[in-house]
Asks: 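Just passing along the structure, written as structure tokens.
Just so it is clear, the values below take in all heavy atoms, side chains as well, and ignore hydrogens, waters and symmetry mates.
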Amino acid sequence: MKYLQGLNEAQYQAVTMIEGPLMVLAGAGSGKTRVLTMRIAHLITNGVSPFHILALTFTNKAAREMKERIGKVVGESDAKSIWMGTFHSVFARILRSEAHLLGFPSNFTIYDTQDSLNVLKKVIKELNIDADLYKPKKVMSRISAYKNNLITVRAYLNNPELMEADERANMKYLGQIYGKYVESCFRNGAMDFDDLLLRTNELLTRFPEVLAKYQDRFRYILVDEYQDTNHSQYLIVKALASKFENICVVGDDAQSIYSFRGANIYNILNFKKDYPDAVTVSLEQNYRSTQNIVDAANAVISKNVQQFKKNVFSENETGEKIKVYRALSDADEAGFVAANIWELHNSQQRKFSDFAILYRTNSQTRAFEDSLRKKNIPYRVYGGLSFYQRKEVKDLLAYLRLLVNENDNEALSRVINYPARGIGETSQNKLIVFADSQNISVSKVLDNLGFYSPQLGLNNGILTKLADFWAMIKAFEVMLKTEDAYTVAMEVAKRSGLIKFLKDDQTPEGISRVENVQELLNSMRGFIDEQQQVEDGDPGLSNFLGSIALSTDQDNTKDDDRDKVSLMTIHLSKGLEFPVVHLVGLEENLFPSFMSSSTREELEEERRLFYVALTRAEKQAFFTYAISRFQWGKITDAEPSRFLSEVNSEFLEFINPAMESRFVNHSGLKSNIFDEMPADARSFKKLDPKKKIERNEETPKTMSRNLKPVATARIINPSGQSSQDIEVGDQVRHDRFGIGEVTFLDGTDPQNIKAKVVFQHEGEKNLILKFAKLTKI
DNA sequence: TGAACAGGCGTTTTT
DNA sequence: CGCCTGTTCA
């Protein structure tokens with residue numbers, strides 16, 4: 001068994017104990033993925049049919065990669081027939097084939113968060129409830145929490161405690177809203193994310209024969225990232241595994257970071273109680289990171305009260321200390337990171353793809369995008385607004401959704417008057433109110449428009465427009481019976497007027513919208529091809545739509561193999577690894593988030609998040625924080641994150657140690673770099689006049705702490721050798737930017753002097769002298 | 001009917 | 001700041 005070679009003792013055990021319940025506690029970087037893949041390969045090699053294996057992963061991408069690796073051991077065709085994917089996608093698939101039992105159409109729509117919120121807003125409006133008191137987002141998260149704990153509407157209404165709790169929270173109509181919301185989804189033939197799990201539970205509980213079928217099918221079950229499963233997922237796994245009990249869960253309680261969406265850390269903490277015979281294997285040797293990184297991460301996580309005791313260690317090199325950079329502002333922070341990446345790229349021949357920039361919130365992205373762009377460093381942002389959430393893409397998708405499921409009122413209301421065809425809000429409302437009063441769906445009314453028209457109270461012009469619109473939709477539906485999804489989608493884009501409407505807008509944004517629609521069509525083409533190659537593939541439109549609703553940004557990377565720096569939130573970085581990690585924005589109220597600093601539990605989760613972030617790093621880690629940050633249109637002062645002080649200082653190295661002394665303004669005068677800016681530094685102002693000047697006016701306090709400019713500085717190259725004096729006004733040459741003039745120098749610590757240089761072609765750049773390798777001409 | 005604009009508001013993480 | 005809502009005007 002070649003694939004068993006090179007496993008350590010614990011790994012070997014985890015791979016080869018194939019019968020009975022098994023819990024693998026896998027510390028960060030301990031070869032968890034390897035164990036999972038090899039375990040599955042081992043199952044198949046030992047005669048278990050891939051047909052009987054169910055593997056639940058955290059992302060679809062993880063599943064795809066794992067399949068690939070398994071394929072290399074046992075052959076591609078076996079690997080492909082394993083059921084592997086996220087909870088949501090696997091059970092969406094099962095629900096499609098069993099939906100009729102629950103009263104849903106098999107091509108039910110999957111609502112994403114935005115769809116759910118829209119439905120909820122309508123419900124709240126319909127019930128005449130004050131939307132200010134019942135913020136849709138807040139209501140949604142409560143409903144979600146109920147669903148994830150299998151508290152159905154009925155269960156809720158039978159539970160005085162819950163109702164009282166909501167009443168105390170000024171939400172006494174929550175039950176009503178919840179009820180209406182569920183009804184609405186049902187009528188629309190739609191399930192939200194939580195429904196995919198909740199309805200699966202319903203299916204398995206209400207229909208024992210269905211449960212038996214899948215129990216028999218999934219004789220070997222593996223669950224990755226078990227620490228991040230919620231109660232609903234836990235029950236599904238438990239039900240399916242109860243016959244054979246060949247269940248293997250893999251996880252690390254120290255990396256549980258999804259409690260906000262219902263993840264229940266007790267699922268893993270109590271595994272032994274559920275399966276008293278369970279064997280526990282601990283993987284504690286970290287193969288990923290240097291000792292310094294592992295030790296620093298351990299130091300922080302040890303501050304958590306609630307955890308399994310573990311001894312994660314590394315036998316790799318000690319490695320460099322973690323470098324800490326204290327930035328003056330978010331822009332400065334981003335500038336440092338970009339300069340640092342550029343420098344390491346040059347001096348250590350690191351590929352750009354070796355680097356990750358990890359942050360707590362998506363809104364931090366922008367500054368880094370700016371700084372990387374300025375240096376022409378290629379990058380890719382993960383997460384944020386995904387491709388499929390763009391308006392123009394959602395619009396086309398809404399048409400397609402409607403074709404597949406006429407009852408999807410969300411989709412209908414999105415497209416009925418888009419592009420504008422004269423069916424305004426008033427007319428739409430009449431239609432909806434009438435449909436509701438007759439207790440039929442809007443599509444039924446449109447199906448029999450002639451019959452209902454006298455009662456609708458709409459004028460003939462509108463009625464004609466409605467009829468035309470519906471005839472168009474019907475024509476698409478007919479077409480769908482004979483043509484493939486791509487052809488139909490193409491036709492929809494054209495005939496609905498969507499493309500034309502978008503093409504009329506010749507602004508850059510407008511052009512990119514057309515491209516996005518084109519891209520959607522392409523991805524559809526790709527999906528169909530892919531599905532046709534797989535044995536039990538389904539190239540149908542509804543499968544495509546379902547896969548989109550459940551796809552994450554990570555899944556869509558297409559593993560674009562180009563050499564790029566990765567930017568993402570820490571949450572998205574789970575499971576990944578990078579040679580060099582920049583963990584940025586280490587400030588109180590940002591990380592830990594001000595939303596999660598009130599209770600110990602919340603704080604511990606933030607700490608686990610920190611742990612996850614740091615343990616992504618293989619060779620080098622950088623921490624940065626800014627003492628002031630541009631936020632919500634204002635400058636906010638910031639304090640360093642408490643997590644920084646939780647890392648023993650022996651693991652840290654402060655890049656700008658001289659900084660502290662400079663905070664004291666010895667002259668007693670209020671000074672800032674702008675006052676003393678050389679008169680000829682006009683391009684400095686040009687760079688970003690609004691922002692800089694605003695800051696200057698608004699926060700004299702912050703600015704007064706700023707660096708004092710220096711008149712001359714010594715160029716020190718990274719190796720610390722040969723040097724050269726340089727001063728404002730000098731002509732210099734830069735490897736990439738060419739020739740330019742130094743307009744400004746900044747800083748007294750020779751390791752950290754910054755220069756502003758106006759280049760002939762590239763414009764102004766902020767350079768760190770140490771890194772920039774300027775040559776005086 | 002719909003585009004254009006002003007004002008208010010909330011700001012975490014995601015399947 | 002940027003998103004969303006509501007209002008105004010053509």
Side-chain angles (χ1 to χ4, degrees), chain A residues 56-63 85-92 110-114 116-118 121 125 131-132 135-138 140-141 144 147-148 191-198 225 228-230 232-233 256-263 330 358-364 366-367 382-386 388-389 391 417-428 461-462 465 501 505 546-555 568-574 585 589-597 602 605-606 608-610 612-613 629-636 690-691 694:
Chain A
L56 297 164
T57 58
F58 202 69
T59 62
N60 290 309
K61 186 186 174 207
T86 62
F87 272 90
H88 290 85
S89 59
V90 165
F91 294 111
I110 297 172
Y111 277 170
D112 66 17
T113 310
Q114 197 53 56
S116 303
L117 281 175
N118 288 342
K121 279 179 200 162
K125 208 169 179 181
D132 284 341
K135 308 250 189 264
K137 267 193 191 157
K138 204 169 171 192
M140 191 69 228
S141 81
S144 174
K147 286 187 175 178
N148 284 328
M191 297 198 197
D192 66 18
F193 288 135
D194 304 316
D195 285 333
L196 294 176
L197 307 173
L198 179 64
E225 307 282 9
D228 278 326
T229 51
N230 64 33
S232 196
Q233 293 167 321
S256 169
I257 55 174
Y258 279 97
S259 71
F260 70 91
R261 73 175 204 220
D330 45 352
L358 306 181
Y359 35 78
R360 179 66 177 81
T361 68
N362 278 308
S363 63
Q364 286 164 262
R366 175 161 301 200
Y382 294 81
L385 190 66
S386 97
Y388 296 113
Q389 284 167 5
K391 185 181 176 307
N417 196 33
Y418 185 84
R421 49 176 70 87
I423 306 170
E425 204 179 332
T426 334
S427 314
Q428 288 180 44
I462 300 277
K465 286 170 185 164
F501 180 82
D505 180 3
S547 81
I548 278 182
L550 297 174
S551 83
T552 63
D553 202 36
Q554 281 208 32
D555 300 330
M568 65 184 85
T569 62
I570 300 165
H571 282 89
L572 276 182
S573 77
K574 190 161 87 155
N589 297 325
L590 181 60
F591 190 22
S593 158
F594 64 102
M595 300 291 287
S596 309
S597 307
E602 286 173 338
E605 175 144 325
E606 294 286 306
R608 290 193 292 270
L609 205 46
F610 182 91
V612 168
R629 185 170 286 278
F630 210 60
Q631 231 172 353
W632 312 317
K634 277 200 188 102
I635 298 250
T636 330
K690 215 155 107 207
K691 228 179 206 174
E694 219 169 85

Asks: Just N and O in the side chain of A/Thr426: are any of them under 4.0 Å from OP1 or OP2 of B/dT1?
Replies: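 True: A/Thr426 side-chain N/O within range (under 4.0 Å) of B/dT1 OP1/OP2.
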Asks: In whole angstroms, how far is the C1' atom of B/dT13 from the CZ atom of A/Arg608?
Replies: 13 Å
Asks: May I have the distance from A/Arg421 (atom CZ) to B/dT1 (atom C1'), rounded to whole angstrom?
Replies: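 A/Arg421 atom CZ is separated from B/dT1 atom C1' by 15 Å.
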Asks: What nitrogen or oxygen pairs link the protein and nucleotides 2-5 of chain C at under 3.5 Å?
Replies:
| unit_1 | atom_1 | unit_2 | atom_2 | d |
| --- | --- | --- | --- | --- |
| C/dG2 | OP1 | A/Arg366 | NH1 | 2.6 |

Asks: Partners of A/Tyr258 by ring pair (Phe, Tyr, Trp, His ring centres under 6.0 Å), sequence neighbours excluded?
Replies: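 If we apply the ring pair (Phe, Tyr, Trp, His ring centres under 6.0 Å) test to A/Tyr258, skipping adjacent residues, the hits are A/Phe58, A/Phe260, A/His571.
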Asks: Output the rounded distance in Å from CG (A/Asp194) to C1' (B/dT14).
Replies: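 Spelled out: CG on A/Asp194 to C1' on B/dT14 is 11 Å.
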Asks: Could you report the tightest heavy-atom contact between A/Ala92 and A/Ile110, atom names first, then the distance?
Replies: CB-CD1, 4.2 Å
Asks: Closest approach to the side chain of A/Ala420, judged atom by atom: which nucleotide of B/dT1, B/dG2, B/dT15 is it?
Replies: B/dG2
Asks: Pick the nucleotide of DNA chain B nearest each of A/His88 and A/Ile423; which residue has the one closer to the 5' end?
Replies: A/Ile423
Asks: Could you tell me whether a side-chain N or O of A/Glu605 sits under 3.5 Å from a main-chain N or O of A/Glu602, the two making a donor and an acceptor?
Replies: no
Asks: Once side-chain contact (heavy atoms from CB on, under 4.5 Å) is applied, do any residues pair with A/Thr426, and if so which ones, sequence neighbours excluded?
Replies: none
Asks: Surrounding NZ of A/Lys137 (heavy atoms of other residues, nucleotides or ligands, distance under 6.0 Å), is the total greater than 12?
Replies: no
Asks: Do A/Glu606 and A/Ser593 have side-chain heavy atoms sitting under 4.5 Å apart?
Replies: yes
Asks: So which one's nearest nucleotide on DNA chain B is more toward 5', A/Ser427 or A/Glu605?
Replies: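 So the residue in question is A/Ser427.
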Asks: Using a cut-off of under 3.5 Å, enumerate the N/O to N/O pairs linking the protein to nucleotides 5-12 of chain B.
Replies:
| unit_1 | atom_1 | unit_2 | atom_2 | d |
| --- | --- | --- | --- | --- |
| B/dG10 | OP1 | A/Lys135 | NZ | 3.4 |
| B/dT11 | O2 | A/Trp632 | NE1 | 2.9 |
| B/dT11 | N3 | A/Trp632 | NE1 | 2.9 |
| B/dT12 | O2 | A/Arg360 | NH1 | 3.4 |
| B/dT12 | O2 | A/Arg360 | NH2 | 2.4 |

Asks: State which residues pass side-chain contact (heavy atoms from CB on, under 4.5 Å) with A/Leu198; sequence neighbours excluded, sorted by chain then number.
Replies: A/Lys147, A/Leu150, A/Asp195
Asks: Applying the side chain to side chain contact (heavy atoms under 4.5 Å, CB included) test to A/Arg629, which of A/Ile635, A/Asp330, A/Asn589 qualifies?
Replies: A/Asp330
Asks: Can you measure A/Gln389 atom CD to B/dT15 atom P for me and round it to whole angstrom units?
Replies: 9 Å
Asks: Can you tell me the distance, in whole Å, between the CD1 atom of A/Ile257 and the P atom of B/dT14?
Replies: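 To the nearest whole Å, that distance equals 9 Å.
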Asks: Aromatic rings A/Phe610 and A/Phe591: how do their planes relate, parallel, tilted or perpendicular, breaks at 30° and 60°?
Replies: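 It falls in the tilted class, 30° to 60°.
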Asks: Taking only residues two or more places apart in sequence, or in another chain, which ones meet A/Asp194 in a salt bridge (Lys or Arg N to Asp or Glu O under 4.0 Å)?
Replies: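 None.
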Asks: Would you indicate what A/Asp112 reaches in the nucleic acid, counting non-hydrogen atoms under 4.0 angstrom: base, sugar-phosphate, or nothing?
Replies: nothing
Asks: Expressed in angstrom and rounded to an integer, what is the separation of A/Leu196 atom CG from B/dT14 atom P?
Replies: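 Checked: the CG to P distance equals 19 Å.
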Asks: Please give, in whole Å, the distance from B/dG2 P to A/Gln428 CD?
Replies: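 From A/Gln428 CD to B/dG2 P: 9 Å.
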Asks: Once you apply a heavy-atom cut-off of 4.0 Å, does A/Tyr258 come out as touching a base, just sugar-phosphate, or nothing?
Replies: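 Sugar-phosphate only.
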Asks: Does the side chain of A/Asn60 get closer than 4.0 angstrom to OP1 or OP2 of B/dT15 through an N or O atom?
Replies: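 No, no such contact exists.
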Asks: A/Leu550 CG to B/dT14 P: how many Å, rounded?
Replies: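 Value for this atom pair: 16 Å.
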